Amino acid sequence: MTSMSPNYSYLEQLPVQAVSAFSPDALHVLGCQPAATLSDTGDRDVQLLATDLPANIITALQSEIKACGWQAKRDSLHVVADGVRFLLVPTNTRTTSTTQAFRQVGLQAAHRLSKMSIAKLTICSNAALAVFDGLIMGLYKHKFNAKPLRLPAEIAIFTPKPSSIAAAIHKHRALALAITYARSLQDLPPNYLHAPRLASIVQEISTKHNLACEVHDQEQLQKLGMGALLAVAQGAQHEPRMLALKVQGKSKRLVVLVGKGITFDTGGMDLKRRDMEEMKYDMSGAAAVLGAMHYFAQVQPDATVVGIVGAAENAISSQATRPSDIITAYNGKSIEILDTDAEGRLLLADLLAYAAKVYQPDLLVNIATLTGSVAYALGRVGAGFYSNSESAAELLLRASARAGEPFCQLPIWDEVQEMVASKHADWVNIDATHTESDGMFAAGFLHKFSAACEWLHLDIAGTASDCRATGFPSKGGCAYGLRTFVELCADSTGIVA
């Protein structure tokens with residue numbers, strides 16, 4: 001895929017297989033931790049986190065560990081035991097899930113590999129596939145046109161019964177590829193990734209994976225009556241696009257994922273005063289949706305899934321939307337634009353109304369880098385979400401826990417509904433007198449467009465890039481929300497019979 005980063009091309013061609021024997025020409029990654037008590041390991045101070053290691057390897061490793069005095073507390077250790085090369089990596093000492101702890105093993109192993117030359121890598125730790133996830137995350141380079149690292153040409157998963165994890169390897173490899181795809185989109189510079197080019201990239205990958213994809217250009221958006229989306233884009237050089245992708249699932253349950261794809265956000269006439277260089281990440285919600293659809297094209301979900309993305313640039317020109325303009329959204333409601341920097345909710349309003357009317361889903365979910373207030377509340381270690389349904393909220397929290405992506409539910413109080421009303425139109429896009437509650441206001445505004453659907457609004461403003469969540473520390477884009485979508489669409493308790 002020539003339009004994407006070398007990260008994607010590398011992983012796409014990377015062989016990943018299960019093996020039942022150690023290889024003398026491979027480096028073997030193994031998670032470790034300090035023994036809770038000496039009785040856990042006899043007279044040893046380090047616990048090897050692998051249940052299937054041969055006795056001779058265990059004895060040789062413990063001998064090497066004791067000889068060098070390693071305590072499995074911080075740095076990794078490169079040793080040779082009984083002729084086999086090992087990289088021993090301590091797990092994270094923070095309180096976290098097992099999955100996240102082993103992802104950290106993979107992340108740390110990737111950091112060490114950047115200073116080594118390794119052709120073959122074998123993961124022989126417990127939770128080996130979680131280590132694999134972290135390893136691929138860590139091998140990713142977010143710099144544009146960065147020189148490729150000296151990466152392994154093969155990766156293997158050690159297990160006594162290779163056939164038993166073949167399906168799991170396929171799923172994890174597909175997920176790793178989807179995450180890399182999403183992150184690569186996030187990290188592209190805005191002078192390269194405008195809406196038409198994003199559409200062409202998505203069409204390219206959709207054709208490759210036989211993924212149904214519709215692209216609506218500006219003329220078609222005008223015919224549909226998407227006045228809110230078009231208002232956001234009218235000051236930009238490049239015309240907007242709406243993308244709709246679909247994967248047939250195993251059940252009748254229909255989930256629609258809606259992503260905000262603002263390829264760059266100047267704030268419009270209400271020009272941003274700082275941190276504008278981060279605004280290329282304002283399409284991170286779209287990247288999460290597109291990445292999830294990439295995964296579902298390779299691994300059939302339980303639910304049928306539709307992914308809808310609106311792509312546009314919020315720019316300044318003589319044609320740009322002005323504060324106090326009134327526009328008409330897809331559902332026929334008029335919106336008074338009091339702040340052109342509250343553009344994401346306008347774009348999402350049309351997409352949500354369209355999704356609710358055209359698809360009538362069992363669950364409607366939108367994801368966006370939407371408000372600074374949520375980022376201020378939760379920082380870069382977790383994202384916020386709002387919902388009109390307790391059952392939908394429970395589904396999201398379960399999916400979030402399995403994915404290891406922290407989400408915190410926030411309320412939409414009744415008073416917010418009064419704030420959304422406009423003196424000159426049906427609704428306003430911001431409450432200028434109470435901007436500190438903008439996250440809740442934006443949720444209340446979007447709720448107006450979700451019709452009668454069970455609905456979730458995910459605000460990833462603080463976690464879309466440079467995320468600090470345990471298990472996901474990364475520079476650049478991190479595809480936050482993608483893993484949760486994968487789990488959300490696989491939750492059998494939410495499937496309609």
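In this chain, numbering begins with 1 at the start of the sequence shown. Computed from a predicted structure; not experimentally measured.
- Counting heavy atoms from C-beta on, the side chains of Tyr181 and Val202 come closer than 4.5 Å.
- Using a distance-only test at 3.5 Å, with no hydrogens or angles considered, no donor-acceptor pair links the side chain of Ser63 to the main chain of Ala60.
- In this structure the side chain of Leu271 reaches within 4.5 angstrom of the side chain of Thr266, judged on heavy atoms.
- Here the closest non-hydrogen pair linking Asp187 and Gly477 is OD1-N, 2.9 Å.
- To the nearest 0.5 Å, atoms CG (Leu121) and CD1 (Ile155) are separated by 5.5 Å.
- A 4.5 Å side-chain heavy-atom check between Thr122 and Val19 finds at least one atom pair inside the cut-off.
- For the pair Ala490 and Asp302, the tightest heavy-atom approach, listed with the atom from each and the gap, is O-OD2, 3.3 Å.
- Counting only N and O atoms by type, the side chains of Thr369 and Asp282 include a donor and acceptor under 3.5 Å apart.
- Residues satisfying the ring pair (Phe, Tyr, Trp, His ring centres under 6.0 Å) test with His172, not counting sequence neighbours, are none.
- Using a distance-only test at 3.5 Å, with no hydrogens or angles considered, a donor-acceptor pair links the side chain of Ser284 to the main chain of Tyr281.
- Residue Lys246 qualifies as open at atom NZ: its count of foreign heavy atoms under 6.0 Å is 12 or below.
- A donor-acceptor pair is defined here as one N or O able to donate and one able to accept, closer than 3.5 Å; no such pair exists between the side chain of Ser125 and the backbone of Ala50.
- No donor-acceptor distance shorter than 3.5 angstrom exists from the side chain of Glu313 to the backbone of Val232, with no hydrogens or angles considered.
- In terms of heavy-atom proximity, Gly344 sits nearest to Lys260 at CA-CE, 3.6 Å.
- In this structure, Arg402 contributes its side chain and Arg483 its backbone to no donor-acceptor pair below 3.5 Å.
- Rounded to the nearest 0.5 Å, atoms NZ (Lys280) and CG (Leu188) are 8.0 Å apart.
- The heavy-atom pair separating Phe132 from Ile157 by the smallest distance is CB-CD1, 4.4 Å.
- Between His28 and Phe86, the angle of the ring planes lies from 30° to 60°, which puts this pair in the tilted group.
- You'll find the ring centres of Tyr480 and Phe407 inside the 6.0 Å limit.
- With rounding to the nearest 0.5 Å, the separation of CG in Leu113 from CG in Leu87 is 6.5 Å.
- For the pair His294/Ile205, a side-chain contact is recorded, criterion being any heavy-atom separation below 4.5 Å from C-beta on.
- At distances below 3.5 Å, not a single donor-acceptor pair connects side-chain atoms of Gln47 with backbone N or O atoms of Pro34.
- If you take CG on Asn366 and CG on Leu348, they are separated by 5.0 Å, rounding to the nearest 0.5 Å.
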Candidate pair Ile179 and Tyr295, rule side-chain contact (heavy atoms from CB on, under 4.5 Å), full reasoning: CA-CA 9 Å; Ile179 289 170; Tyr295 173 81; over 6 Å; no

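- No more than 12 heavy atoms of other residues, nucleotides or ligands lie within 6.0 Å of NE2 in His111, so this atom counts as exposed by the packing criterion.
- The heavy-atom pair separating Thr159 from Ala18 by the smallest distance is CG2-CB, 4.0 Å.
- The existence of a salt bridge linking Asp341 and Arg273 is excluded, since no basic side-chain nitrogen approaches an acidic carboxylate oxygen closer than 4.0 Å.
- Using a distance-only test at 3.5 Å, with no hydrogens or angles considered, a donor-acceptor pair links the side chain of Asp459 to the main chain of Thr371.
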Thr180 vs Asn7, side chain to side chain donor-acceptor pair (under 3.5 Å): CA-CA, chis, key distance, verdict: CA-CA 7 Å; Thr180 302; Asn7 298 278; over 6 Å; no

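- A heavy-atom distance below 4.5 Å is not found between the side chains of Met137 and Tyr140.
- In terms of heavy atoms, Cys478 sits closest to Cys467 at SG-CB, 3.5 Å.
- The shortest distance between side-chain heavy atoms of Cys124 and Val29 does not fall below 4.5 Å.
- With rounding to the nearest 0.5 angstrom, the CG atom of Leu14 is 10.0 Å from the CD atom of Gln17.
- By the neighbour-count criterion of 12 heavy atoms within 6.0 Å, atom NZ of Lys475 is sparsely surrounded, having that number or fewer from other residues, nucleotides or ligands.
- Considering Val79, Leu88, Asp45 as possible partners of Ile65, the one that fulfils the side-chain contact (heavy atoms from CB on, under 4.5 Å) test is Leu88.
- With contacts defined as side-chain heavy-atom distances shorter than 4.5 Å, the pair Thr304/Val255 does not qualify.
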Residues Val89, Leu30; criterion side-chain contact (heavy atoms from CB on, under 4.5 Å); working and verdict: CA-CA 6 Å; Val89 184; Leu30 173 59; over 6 Å; no

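- Pairs of residues two or more places apart, or lying in two chains, that qualify as ring pair (Phe, Tyr, Trp, His ring centres under 6.0 Å) and include a residue from residues 152-171 are Phe22-Phe158.
- Of the possible polar contacts, none joining the Gln13 side chain to the Tyr8 backbone as a donor-acceptor pair under 3.5 Å is found.
- One N or O on the side chain of Arg197 and one on the backbone of Tyr192 form a donor-acceptor pair closer than 3.5 Å.
- Atom CD1 of Ile308 and atom CG of Leu290 lie 11.5 Å apart (nearest 0.5 Å).
- When side chains are defined from C-beta on, Val258 does not count as touching Val365, because their heavy atoms never get closer than 4.5 Å.
- Residue-environment remark: CG (Asp25) exceeds the threshold of 12 foreign heavy atoms within 6.0 Å.
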side-chain contact (heavy atoms from CB on, under 4.5 Å) evaluation trace for Leu488 with Leu363: CA-CA 10 Å; Leu488 188 68; Leu363 179 62; 3.9 Å; yes

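- In Gln237, the CD atom is not crowded: 12 or fewer heavy atoms of neighbouring residues, nucleotides or ligands sit closer than 6.0 Å.
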Worked check of salt bridge (Lys or Arg N to Asp or Glu O under 4.0 Å) between Glu278 and Lys272: CA-CA 11 Å; Glu278 294 295 313; Lys272 291 183 182 293; over 6 Å; no

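- The closest donor-acceptor contact from the side chain of Asp466 to the backbone of Gly476 lies under 3.5 Å.
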Test log, rule side-chain contact (heavy atoms from CB on, under 4.5 Å), inputs Leu257 and Phe485: CA-CA 8 Å; Leu257 308 175; Phe485 285 157; 3.8 Å; yes

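- With no hydrogens or angles considered, a side-chain donor-acceptor pair links Ser76 and Arg112 at under 3.5 Å.
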